[in-house]
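Letters A, B, ... are given to chains in the order of the sequence lines, protein chains preceding strands, and every chain is numbered from 1.
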Amino acid sequence: MYTQAMDIPDDSGKKLAAVSNATSEQEAAFEARIDADGRIEPQDWMPEAYRKTLVRQISQHAHSEIVGMLPEGNWISRAPSLKRKAILIAKVQDEGGHGLYLYSAAETLGTSRDQMLEGLHSGKAKYSSIFNYPTLNWADVGVIGWLVDGAAIMNQVPLCRCSYGPYARAMVRVCKEESFHQRQGYEALLVMMKGTDEQRAMVQDAVNRYWWKCLAMFGPPDADSPHSAQGMRWGIKRISNDDLRQKFIDATVPQAKVLGVTLPDPDLKWNEARGHYDYGQIDWAEFWNTVEGNGPCNKERLATRVKAHNDGQWVRDAAQAYARKQKERALKEAA
Amino acid sequence: MNTPALKDWPLWEVFVRSKQGLEHKHCGSLHAADAAQALHMARDVYTRRQEGVSIWVVPSVAITASNPDDKGELFDPAADKIYRHPTFYEIPEEVGHM
């Protein structure tokens, strides 16, 4: 499960307009509940900007789950053993499930599944840019589990305390399932590292290609995240992009050592004074370029997703025709 | 990409009994064409790790919910009736557990 950069505006995402449609009493009640670290439920009054921010964030999150099935799905038919294949199918199925939990949570805010899918399929809505990179060898599947899911877990654990109830509850469910994703990836890499030189080189190659992209998953530096402060104020975001990124790096360095790989950053070293690892410059130009749709796989991912949806249309139509027929039959029998 | 996705598939609320002897608990919602399909999908979406031994699906439109604006009216009157709780009553120590 994957989320990134919650403050990436969609193309359609205009500036959050603080149009007030509320009595000051409603607004005060909302603010008081937020201040008391209370939860907001679908039927409660909420500011339009809060609703919009959540719809954008939850739908981006859901889209990331769904598109995230594609790079790993590529490897289901080529998994090196039946065991790895079964594990990978289970993981990809989980990602689909996570997307469904999240779409449902977003729908409680008044958007529809149709609208969200239209946003994704037309390219208006964003999803995690990490999936716009190719999975070139089997080690990529392990690295996605270890690093990409690892980064996502860092992001998602604080979201279990999000102020919006349905989102927080969906995240609790997701996080419970997520730990398997990271562990299976790490373990698959451990097995490869015990193999041949060639296998070890594959793992290192995959780490080299994915490391910096995973750091970018946490979103732009705090100084360049204009929406972050508001998200923190509303209890939607609990920990800043830079703090989460640091937490991820600090947790990952020792894991890389056990695995026996090098993280591709010459500036990565322990800073005694800060009590954290220092790290090098992230290439934000590349990140934004990919977010804007120009990454190596953006077009392919979207095309695959749209084709799958269109190819499934007859199934949805048939299910509906069947349901209608059954209902008519029941009515006739009752008459 | 221009065809309607799930516009006409109604929303269902899913309740799962985690084990025999416990109540069904709300766990989420999903879209499905009919009740049988809703059950199938609920099994795949909400019970991939033996989370349940029984599932209920209910059309979301069939649920009537209380209005948050009525919260005070509905629930506040219970707040000052502390005599409804066992801890309101002082019982001599020697009586033991009661």
- Measure the CH2-CG distance between Trp9(B) and Asp114(A) for me, rounded to the nearest 0.5 Å. 11.5 Å
- Message: The test is side chain to side chain contact (heavy atoms under 4.5 Å, CB included); show your working for Lys71(B) and Asp44(A) and say whether it passes.
- Response: CA-CA 11 Å; Lys71(B) 205 172 78 180; Asp44(A) 296 331; over 6 Å; no
- Where on Gln93(A) is there a heavy atom nearer than 4.5 Å to chain B: the side chain, the backbone, both, or neither? both
- Query: In this structure, are over 12 heavy atoms from other groups packed under 6.0 Å from Arg48(B) atom CZ?
  - Reply: yes
- Item | Atom of Phe180(A), atom of Arg49(B) and distance for their closest heavy-atom approach | CD2-NH2, 3.2 Å
- Query: Quick one: are Val45(B) and Tyr101(A) in side-chain contact, heavy atoms under 4.5 Å?
  - Reply: yes
- Item | Flag if over 12 foreign heavy atoms under 6.0 Å of NE2, His26(B) | yes
- Query: Is it true that Asp34(B) and Lys325(A) make a salt bridge, defined as a side-chain N closer than 4.0 Å to a carboxylate O?
  - Reply: no
- Given that the side chain runs from C-beta out, which part of Arg173(A) has a heavy atom under 4.5 Å from chain B: side chain, backbone, both or neither? side chain
- Note: Ala33(B) and Ala323(A) closest approach over all heavy atoms is O-CB, 3.6 Å
- Query: Atom OH in Tyr322(A), atom CD in Gln37(B): separation rounded to 0.5 Å?
  - Reply: 10.5 Å
- Item | Residue-level interface, residues 33-43 of chain A with chain B, non-hydrogen cut-off under 4.5 Å | Arg33(A), Gln43(A)
- Can you tell me how far the CG atom of Asp69(B) sits from the CD atom of Gln26(A), to the nearest 0.5 Å? 7.0 Å
- Message: Does any backbone or side-chain atom of Ser60(B) lie under 4.5 Å from a heavy atom of chain A? Answer side chain, backbone, both or neither.
- Response: neither
- Ignoring hydrogens and geometry, is there a side-chain-to-backbone donor-acceptor pair from Ser29(B) to Ser104(A) under 3.5 Å? no
